[in-house]
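For reference, the structure is listed below as structure tokens.
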There are 2 protein chains.
Amino acid sequence: MSPAPANLEAPLEIVEPLCAIFRRKLKAEGAKYTPERAHVLDAIIRIDGLFEADALLERLRKEGRRVSKATVYRTIKLMLEAGIIQRVLVDGEQAHYQLVYGKTPGDLLVRIDEGRVEEILVPGLADICRNICKARGLTLKGHRLQIFASA
Amino acid sequence: MSPAPANLEAPLEIVEPLCAIFRRKLKAEGAKYTPERAHVLDAIIRIDGLFEADALLERLRKEGRRVSKATVYRTIKLMLEAGIIQRVLVDGEQAHYQLVYGKTPGDLLVRIDEGRVEEILVPGLADICRNICKARGLTLKGHRLQIFASA
DNA sequence: CTTGGTGCAAACATTTTGCAGCACA
DNA sequence: TGTGCTGCAAAATGTTTGCACCAAG
């Protein structure tokens, strides 16, 4: 799977509902917007912050949605391709994902003492990265910053 | 396993050979500096940049060292604890590691078009992170930055 | 002897895939 | 009737662990 860079530079249209983006993507490749996919998207939208495939499945089950693990993973992959969510690497154990609302997805402040992860904005960082790329004749495609801190 | 933050603030003694650091750590907990562990350390030292457990094992095998997968993983864990190497999250597939020479381990420039990863230094970034932490009453423990770029 | 280390193979956790049956145009 | 979707279970990865045997003090 691809590196899934955070903070992609291409800004998205903000106003269009995620559901519409997803449906358009599905339609574009002859796929269907099924109830299961709707449930997954719905659950993701109501999660704030990061989520894992596992937790997402559990949550769906708790809400009475009968969705299989396979469908969750398959839907996650579709939503990654659609640019609705992106992969975030937090630890080496499992993949974490986060919703990409029109906004530039943020940098992360990781509290290593309590394990919480907070999304923050580091002003000027994108410019710093852009300059580094420019100095090498490269184009910035995104960045990912994690700050580790404790009390 | 713990998050393994990069760019730890505590500077290390630079001059002491890694082998000595490793032996001291092993001795401190009644463990032994075996030939297998020496071979793993030696191979890691000669790799420049990132490596994966898998590739490390393959390399050892090619050099005629008969080391098992289990020993490679176990040795990697020991070296993580000793602070000789650290885990870097590059993609969701497998763990990557890099050697920590007395230097502060650098930030990463990831060429998404060709898959190469280059270690770079982003001046001032540690200060930016420190200020963000300070503003929240937290102590900076490290950071990790990946910049994604293409030609 | 006792302690720790090794290799192997089995166990694990996460993610992907093959397949038979289902749903809907 | 064909196309895609689903659930299930099996497979595929990457990593860890249990165990029997080996080596060194």
Side-chain angles (χ1 to χ4, degrees), chain A residues 1-4 22-41 43-44 50-61 64-82 85-97, chain B residues 1-4 22-43 50-61 64-82 85-97:
Chain A
M1 199 143 295
S2 59
F22 195 32
R23 297 180 78 141
R24 181 154 36 78
K25 182 254 178 342
L26 291 172
K27 191 161 216 172
E29 53 189 52
K32 290 165 192 166
Y33 187 66
T34 65
E36 287 84 358
R37 291 178 181 166
H39 292 149
V40 173
L41 176 57
I44 289 176
L50 300 171
F51 64 92
E52 307 110 67
D54 231 32
L56 181 57
L57 177 61
E58 206 188 314
R59 174 164 189 153
L60 284 161
R61 291 264 161 87
R65 311 300 197 184
R66 278 189 285 89
V67 185
S68 72
K69 196 166 46 168
T71 294
V72 166
Y73 277 106
R74 286 190 273 237
T75 306
I76 284 177
K77 183 175 278 185
L78 287 169
M79 292 171 64
L80 282 170
E81 290 167 14
I85 60 176
Q86 62 181 202
R87 195 191 292 235
V88 183
L89 300 171
V90 175
D91 59 33
E93 320 300 308
Q94 65 200 315
H96 294 242
Y97 306 90
Chain B
M1 200 141 295
S2 59
F22 195 32
R23 297 181 78 142
R24 181 153 37 76
K25 182 254 180 338
L26 292 172
K27 191 160 216 175
E29 54 188 52
K32 290 166 193 165
Y33 187 66
T34 65
E36 286 84 357
R37 291 179 181 165
H39 292 149
V40 173
L41 176 57
D42 183 61
L50 300 172
F51 64 92
E52 308 110 67
D54 231 32
L56 181 58
L57 178 61
E58 206 187 314
R59 174 163 188 154
L60 283 161
R61 290 263 161 87
R65 311 302 196 183
R66 278 186 287 89
V67 184
S68 73
K69 195 166 49 167
T71 292
V72 166
Y73 276 107
R74 287 191 273 236
T75 305
I76 284 177
K77 184 176 279 187
L78 287 169
M79 293 172 63
L80 282 170
E81 290 167 14
I85 59 176
Q86 63 181 202
R87 195 190 294 236
V88 183
L89 301 171
V90 176
D91 59 34
E93 320 300 306
Q94 64 199 317
H96 293 243
Y97 306 89

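Lettering of chains follows the sequences in order, A, B, ..., and the numbering in each one begins at 1.
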Around atom CD of A:E58, are there more than 12 heavy atoms of other residues, nucleotides or ligands at under 6.0 Å?
no

Testing D:dC5, C:dT15, C:dG7 for proximity to the side chain of A:A31, the answer is D:dC5

Whole angstroms only, please: what is the CG-C1' distance between A:L41 and D:dC5?
17 Å

Please report, rounded to the nearest Å, how far the P atom of D:dT15 is from the CD atom of B:E93.
10 Å

Can you measure A:D54 atom CG to C:dA13 atom P for me and round it to whole angstrom units?
10 Å

Members of residues 66-76 of chain A that approach DNA chain C, where some heavy atom sits under 4.0 Å away
A:K69, A:A70, A:Y73, A:R74

Whole Å only: how far is the CG atom of A:L57 from the C1' atom of D:dC8?
13 Å

Starting at OH of A:Y33 and ending at P of C:dC24, how long is that distance when rounded to a whole Å?
16 Å

Where the side chain of B:Q94 is concerned, which of D:dT6, D:dT15, D:dG4 is the nearest nucleotide?
D:dT15

Closest-nucleotide ordering on DNA chain C, the 5'-leading residue of A:H96 and B:R37:
B:R37

Contacts of A:A95 and B:G30 projected onto DNA chain C by closest heavy atom; the upstream (5') one is B:G30

Is there a side-chain contact (heavy atoms from CB on, under 4.5 Å) between B:K69 and B:Y73 once you walk through the steps?
CA-CA 6 Å; B:K69 195 166 49 167; B:Y73 276 107; 3.7 Å; yes

Return a table of donor-acceptor pairs under 3.5 angstrom between the side chains of residues 33-40 of chain B and protein atoms on other chains or two or more places apart.
unit_1	atom_1	unit_2	atom_2	d
B:T34	OG1	B:R37	N	3.3
B:R37	NH1	B:K32	O	2.8
B:H39	ND1	B:P35	O	3.3
B:H39	NE2	B:R65	NH1	3.4

Answer yes or no: is there an ion pair linking B:K25 with B:E29, defined by an N-O contact shorter than 4.0 Å?
yes

Whole-Å distance between D:dC5 P and A:F22 CZ?
10 Å

With a 4.5 Å cut-off on side-chain heavy atoms, are B:M79 and B:E81 touching?
no

Where B:I76 and B:I85 come nearest, the two heavy atoms and their spacing:
O-CD1, 3.8 Å

Separation of B:L56 atom CG from D:dT15 atom P, in whole Å?
12 Å

Starting from C1' on D:dT6, measure out to NE2 on A:H39 and report it in whole angstrom.
14 Å

CA sep, side-chain torsions, deciding dist, call: B:L57, B:R61, side-chain contact (heavy atoms from CB on, under 4.5 Å)
CA-CA 6 Å; B:L57 178 61; B:R61 290 263 161 87; 3.9 Å; yes

